[in-house]
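Reading through the C-alpha cells given below for one structure.
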2 protein chains.
Amino acid sequence: MNKEKLRKYFQSVISMPDDKAFALTEDFEHFLLPRNTFLIEENKNIEKTYFLEIGYIRSFTLDNDGLEVTTNIYSAPCFVNDFSSFFKKLPAKQNFQTITNCEGWAMSLTNVEKYFHNSPEFREFGRLLVLNHYDLLNKRMLDMIKNSAENRYLNLLSEHPDIFQNVPLKIIASYLGITATSLSRIRKEIICS
Amino acid sequence: MNKEKLRKYFQSVISMPDDKAFALTEDFEHFLLPRNTFLIEENKNIEKTYFLEIGYIRSFTLDNDGLEVTTNIYSAPCFVNDFSSFFKKLPAKQNFQTITNCEGWAMSLTNVEKYFHNSPEFREFGRLLVLNHYDLLNKRMLDMIKNSAENRYLNLLSEHPDIFQNVPLKIIASYLGITATSLSRIRKEIICS
DNA sequence: CATTTAACTTGCCATTTGGCAAGAAATCAC
DNA sequence: GTGATTTCTTGCCAAATGGCAAGTTAAATG
C-alpha cells in the first residue's frame with residue numbers, strides 16, 4: 001500500500017508539484033485498525049492526526065444522561081481530527097472511534113509541528129483544512145435549524161448513500177439528532193407514503 | 001473616537017509593535033448603527049468585516065417554519081462576520097443584525113484582501129480569528145449536547161450577565177435553543193426553588 | 001455452520017416542548 | 001409625559017419525541 005491517495009488529497013486542497021507532495025507526506029505512517037477502535041479520547045492529549053483512506057469513523061461525546069451523541073461521521077478519503085483542539089494543543093473535546101475496519105496514514109503532533117514550521121504549503125494546507133471543517137460545522141448547524149429530521153435523513157440518504165450501507169442506523173439517528181426509535185418511525189412513514 | 005481599542009484587539013490576538021498595529025488598522029472606517037440594523041444579509045455578498053466596539057449584535061437564520069433562530073450573540077469588543085463565507089468569498093449563510101445601537105470599525109473586503117496579501121501579521125490574525133470562531137462553534141455544539149436548557153441559561157447568566165441587560169429574552173431563548181415560553185418557565189422554576 | 005451478539009422495528013405510555021392567546025409589564029418614540 | 005409598541009409571563013391544550021421492552025432480523029465470531 002502506497003501513499004498515492006494521501007498525496008492526491010494534498011494536491012486537491014492546494015495545487016503543488018508531485019515532489020512537494022512526496023515531501024509533505026514522507027513522515028506519515030500506515031495504520032490499520034479494527035472496528036470500534038478509539039483514535040482519540042475525550043480529555044486526553046491528541047497524539048496524531050489521521051488521514052482516513054478506507055473505512056468509516058465517527059466522533060461522539062456524552063450528553064447530560066451519559067448517552068453517546070454522534071457529532072460527525074467521516075467517510076474516506078478525509079482527514080480526521082479534533083482540529084480546533086489539535087491546533088490549540090488542548091486535550092480532545094470529543095471521542096473519535098472507528099465504525100468499520102479502517103486503514104490510512106497518521107502523523108505525530110511533533111512531526112506536524114515540524115512541517116508547520118518548515119513548509120508554507122503545509123501551513124496553508126492546515127489553514128484550509130480548518131476553514132473547511134469550520135464551514136462544515138456551520139453547515140451542519142444550519143442544517144439542524146432549517147430542516148426537519150425527516151429532511152435531514154432524506155438529504156443524507158441522497159448525498160451519502162454509502163453511509164447507510166456501512167454505519168448502523170442508531171449512529172446515523174444520533175448524528176441526525178434523533179433516537180433510533182424515531183428514525184425507525186420516520187423510515188416507516190416514508191416507505192408507507 | 002479613535003482606533004485604540006481596535007489596535008489593542010489586534011495586539012491581544014498576536015503580539016505586534018504599536019506601529020504595526022497602526023498600519024493594520026489604517027483602512028478601517030468608523031460606523032455608527034441604530035438598533036435592528038442589518039450588517040449582513042443571508043444569501044447576499046459580504047461587503048465588509050466589522051469590529052464591534054460598543055453594542056450587541058446577533059446572527060440568525062430562518063427555520064423550516066420561517067421563524068428566526070438566533071445562532072450567536074456578539075458582545076463588544078469582538079469581530080463580527082460570517083467568516084467561513086467571507087474567506088471563501090461566498091454569499092452569507094446567515095443574517096447579522098444589531099440588537100442595540102452599535103459603534104465600531106469596518107473594512108471592505110477589497111481592503112481585507114489587500115492586507116491579506118501584503119501583511120503576514122494580518123494573515124496570521126485572520127487565521128487565528130477563524131480558529132477561534134471554529135473553536136467557539138464547537139464549544140457551542142458540545143454545550144447544546146452536554147447541558148440542559150436550564151444549565152445553558154444558568155451558564156450564560158453567570159458568564160455574560162451583561163447580555164441579560166441588553167438583549168431581549170426572546171433572542172436569548174432562541175440562542176439557547178428553546179422558545180421564549182420555555183425560558184420564561186425555566187426562569188420561574190429557578191426563582192421558586 | 002452454528003451460536004452469540006448486535007441491530008432494528010414496533011406498540012404502549014409518559015414526558016417534554018411548543019402553539020396560541022390574553023394580560024401584565026416594560027420600553028420606545030414622539 | 002403619554003400613547004403606542006414590544007416584551008414577558010402564564011394557562012390551556014395539542015403535538016412531537018423519547019423510554020422501555022419484547023420480538024424480529026441481521027451480522028459477527030469462532
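Below, chains carry the letters A, B, ... as their sequence lines are ordered, and counting in each starts from 1. The structure displayed is predicted, hence computed values, not measured ones.
In this structure, CD of A/Gln165 is placed 17 Å from P of C/dA7, rounded to the nearest angstrom. When the C1' atom of D/dA15 is taken as reference, atom CD of A/Glu189 falls 14 Å away, rounded to whole Å. Distance B/Asn166 CG to C/dC28 C1': 15 Å, rounded to the nearest Å. As rounded to whole Å, 15 Å separates atom P of D/dG18 from atom CG of A/Asn64. Here the P atom of nucleotide C/dT16 and the CD1 atom of A/Ile178 are 20 Å apart, to the nearest Å. Atom C1' of nucleotide C/dT27 and atom CG of B/Asn36 are separated by 13 Å, given to the nearest angstrom. Protein atom CG of B/Leu67 is 18 Å distant from nucleotide atom P of C/dT17, rounded to whole Å. Per the geometry, CG belonging to B/Asp65 stands 11 Å off P belonging to D/dA16, to the nearest Å.
Shown here are the salt bridge (Lys or Arg N to Asp or Glu O under 4.0 Å) partners of A/Lys139, two or more places apart in sequence or in another chain: A/Asp135. Every residue two or more places apart in sequence or in another chain that forms a salt bridge (Lys or Arg N to Asp or Glu O under 4.0 Å) with B/Glu68 is listed here: B/Arg58. Taking B/Lys8 as the reference, nothing meets the salt bridge (Lys or Arg N to Asp or Glu O under 4.0 Å) condition, with sequence neighbours excluded. Applying the ring pair (Phe, Tyr, Trp, His ring centres under 6.0 Å) rule to B/His160 yields no partners; only residues at least two apart in sequence or on another chain are considered.
Side chains of A/Lys3 and A/Thr25: no donor on one and acceptor on the other come within 3.5 Å. Inspection of the A/Asn132 and B/Lys88 side chains reveals an N or O donor paired with an N or O acceptor under 3.5 Å.
Checking side-chain atoms of B/Asn95 against main-chain N and O of B/Glu42 turns up a donor-acceptor pair under 3.5 Å.
OP1 or OP2 of C/dG18 lies within a sub-4.0 Å distance of a side-chain N or O belonging to B/Ser182.
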Using a cutoff of under 3.5 Å, can you pull out all pairs of nitrogen or oxygen atoms linking the protein to nucleotides 4-9 of chain D, with atom names and distances?
unit_1	atom_1	unit_2	atom_2	d
D/dT7	OP2	B/Lys170	NZ	2.6
D/dC8	OP1	B/Leu169	N	2.9
D/dC8	OP2	B/Leu169	N	2.8
D/dC8	OP2	B/Lys170	N	3.1
D/dT9	OP1	B/Arg187	NE	3.3
D/dT9	OP1	B/Arg187	NH2	3.4
D/dT9	OP2	B/Ser184	OG	3.3
D/dT9	O5'	B/Ser184	OG	3.1

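Using a 30° and 60° split on the angle between ring planes, B/Tyr9 and B/Phe79 fall in the tilted class, from 30° to 60°. Under the 30°/60° scheme for interplanar angles, the aromatic rings of A/Tyr153 and A/Phe164 are found to stand perpendicular.
For DNA chain D, no neighbouring residue in residues 156-163 of chain A is found when judged by any heavy atom under 4.0 Å.
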